[in-house]
Amino acid sequence: MKFKTNGLILKQQNIGERDKLVWILTQSHGILRAFARGAKNIKSPKCAGTGLLSYSALSVFEGRDSYSVDEAVSIEQFTGLQRDIEKLALAQYFSELCLNLCPVGQEADEQLRLMLNSLYILANDKRPRAQVKVCFEMRLIAMSGYMPDLVMCAGCGEYETPEMVFVPHTGKLFCSACAERQGVQGVRLPAAAVTALRHAVYADADKLFSFVLKEELWEPLSLASEQYVAYMTQKDYPTLQFYKSMGNRE
Ligand SMILES: [Zn+2]
């Protein structure tokens, strides 16, 4: 059976001289692992269409126990990422999160749109890198069923205090008084960073990246969101460690 869908190439592995195995985040089938025969031939349109981080129009053949890409035409290649090692490292972390969190065998339109928007903003410097990271992490993890509870202090119900404490292993928020009283450990966030964290989780998709934050607040916020993702998924991400090894603390 053959079907058409659009998808983003998240990972690739060479097979012999001519062929590739690719992991694709598709609109219709979520994460799809497929063979791409002859895709290493640079004269084949499939070569660009199955390249890393290419968003492509695909024609896929579904065999008895594997998929193969018959045609792949690149729609967008995010060249701004390929030219910058730090942006590329962050994009690879996003890909690793998608591979770990996106559905397999069911539609993933929302996740694909989030990933494409994030890559576009990252590639074209439309927002600070830390903002793309925090928004992507918090939104993808929330979509994946791990919704944090950021509405109010989990101890006393206060909506906002000058500083609050976010607890990455539970996704709960405490005002500083309750955190101290209950001995809660977590990431301390000034009110503006709490507002930004709430925005990343609760804002409409088309407004996701529409906010500004003082530069010095990105570091604690980014720490809060990456720790939340790591705790919820019970996993360390080598791609994130690599990104941070280049001196990116946020
Ligand atoms: Zn409280």
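Both counts, for ligands and for their atoms, begin at 1 and track the order of listing.
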Does the side chain of Y146 reach to within under 4.5 Å of the side chain of Y231, using non-hydrogen atoms?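 Answer no - side chains too far apart.
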Do Q131 and L213 have side chains that get closer than 4.5 Å, going by heavy atoms?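 The answer is no; the side chains never approach within 4.5 Å.
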At distances under 2.8 Å, what protein N, O or S atoms surround the Zn ion (ligand 1)?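 Short answer, with waters excluded from the count: C153 SG, C156 SG, C175 SG, C178 SG.
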Less than 6.0 angstrom from the centroid, inside 45 degrees of the normal: does R181 satisfy that with respect to the ring of F174?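 Here R181 fails the 6.0 Å and 45° test against F174.
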Does Q182 have more than 12 heavy atoms from other residues, nucleotides or ligands lying within 6.0 Å of its CD?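 Counting neighbours around CD of Q182, more than 12 heavy atoms of other residues, nucleotides or ligands fall under 6.0 Å, so yes.
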Answer yes if the ring centres of F136 and F94 are under 6.0 angstrom apart, and no otherwise.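 Yes, they do, as the ring centres are separated by less than 6.0 Å.
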Go through E226 and Y237 one step at a time and tell me if the side chain to side chain donor-acceptor pair (under 3.5 Å) criterion holds. CA-CA 10 Å; E226 75 192 31; Y237 295 90; over 6 Å; no
